[in-house]
Amino acid sequence: MNFLPDLSFQRLLYQFCAAIVVLTAHGFFLALAARLLGNRGPQYDGRLALNPFRHAEPVGALVMIATQLGWVRPLALDPDVLVGKRIGPLLVTLCALAGSLALGWCCWQLRPVVFFSLGGGSGSTTLIGLLETTARASLAFVLINLIPVLPLSAGHLWLGIAPPVGAVMNRYRLPIALGLALAIVLGRGPFVRGLVLGPLAGFFG
């Protein structure tokens with residue numbers, strides 16, 4: 001039984017490139033939001049950089065390449081120095097997710113610009129395909145990361161409102177990540193059609 005999508009080499013290459021862009025951008029947006037809201041820790045940890053190796057979490061990256069649903073390595077946030085204190089981690093997450101959503105929207109809007117600038121040649125077709133894949137991966141990434149569990153981005157809220165819960169999730173992050181990966185792969189068909197493709201059609205229609 002095939003639980004993964006049928007990926008041609010071209011589709012796999014597109015999704016690999018899209019995963020690098022989305023994961024790097026979202027990790028950077030998280031660190032930037034934390035810095036702007038008063039927490040310098042992620043900057044000192046090297047997360048305020050456009051380096052995919054600083055942000056990628058292996059399981060989340062592999063799942064994203066295969067399914068467009070993934071996650072980055074969580075930040076070490078200190079709610080006491082964040083604006084909003086206990087809700088500070090949630091604000092960081094919402095700002096970063098908004099940035100990732102804006103990235104996807106911009107990629108989608110660039111398609112006609114590329115087409116009219118470069119014409120309908122193979123280079124244009126490839127670039128448009130990359131933009132479309134990145135746009136769809138951005139929205140899929142945002143949707144899955146609204147689930148409030150670490151290592152997903154919305155799981156950062158526990159670091160503010162219930163630190164012991166956040167500490168437990170962080171301690172068992174690898175088993176949780178493997179469970180998420182298994183759930184996404186096994187439920188990819190109905191999950192992606194219901195939760196992801198519906199909003200995708202409305203957002204990019």
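Being a predicted model, the structure only gives us computed values, none of them experimental.
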Over all heavy atoms of both residues, which pair between [X] and [Y] is shortest? Give the atoms and the distance, please.
X      : Y      : value
Ser100 : Val142 : CB-CG2, 3.8 Å
Met64  : Ala19  : CG-CB, 4.0 Å
Leu159 : Pro79  : O-CG, 3.2 Å
Thr24  : His55  : O-CD2, 3.7 Å
Leu130 : Cys17  : CD2-CB, 3.9 Å
Ala140 : Leu69  : O-CD2, 3.5 Å

Distance from [X] atom [atom1] to [Y] atom [atom2], nearest 0.5 Å?
X      : Y      : atom1 : atom2 : answer
Thr134 : Leu139 : OG1   : CG    : 13.0 Å
Leu37  : Cys95  : CG    : SG    : 5.5 Å
Thr93  : Leu152 : OG1   : CG    : 10.5 Å
Leu91  : His156 : CG    : NE2   : 13.0 Å
Trp105 : Leu110 : CH2   : CG    : 9.0 Å
Leu75  : Asp45  : CG    : CG    : 8.5 Å

- Item | Neighbour count above 12 (heavy atom, 6.0 Å) for Arg54 CZ |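 Result for CZ/Arg54: open.
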Can you find a heavy atom in the side chain of [X] that is under 4.5 Å from one in the side chain of [Y]?
X      : Y      : answer
Leu174 : Val59  : yes
Pro89  : Leu157 : no
Ile128 : Thr125 : no
Arg173 : Pro151 : yes
Tyr14  : Thr126 : yes
Leu48  : Leu32  : yes
Gln15  : Thr133 : yes
Asn39  : Pro42  : yes

- Does the ring centre of Phe141 sit less than 6.0 Å away from the ring centre of His26?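 Yes, the ring centres sit under 6.0 Å apart.
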Please check: side-chain N/O of [X] versus main-chain N/O of [Y], any donor-acceptor pairing under 3.5 Å?
X     : Y      : value
Arg47 : Pro74  : yes
Asp78 : Asp80  : yes
Trp71 : Ile144 : no

Same cluster or not: [X] versus [Y], using hydrophobic residues (I, L, V, M, F, W, Y) connected whenever any side-chain heavy atoms lie under 4.5 Å apart?
X      : Y      : value
Val81  : Ile161 : no
Leu103 : Leu143 : no
Phe29  : Val72  : no
Met169 : Val63  : yes

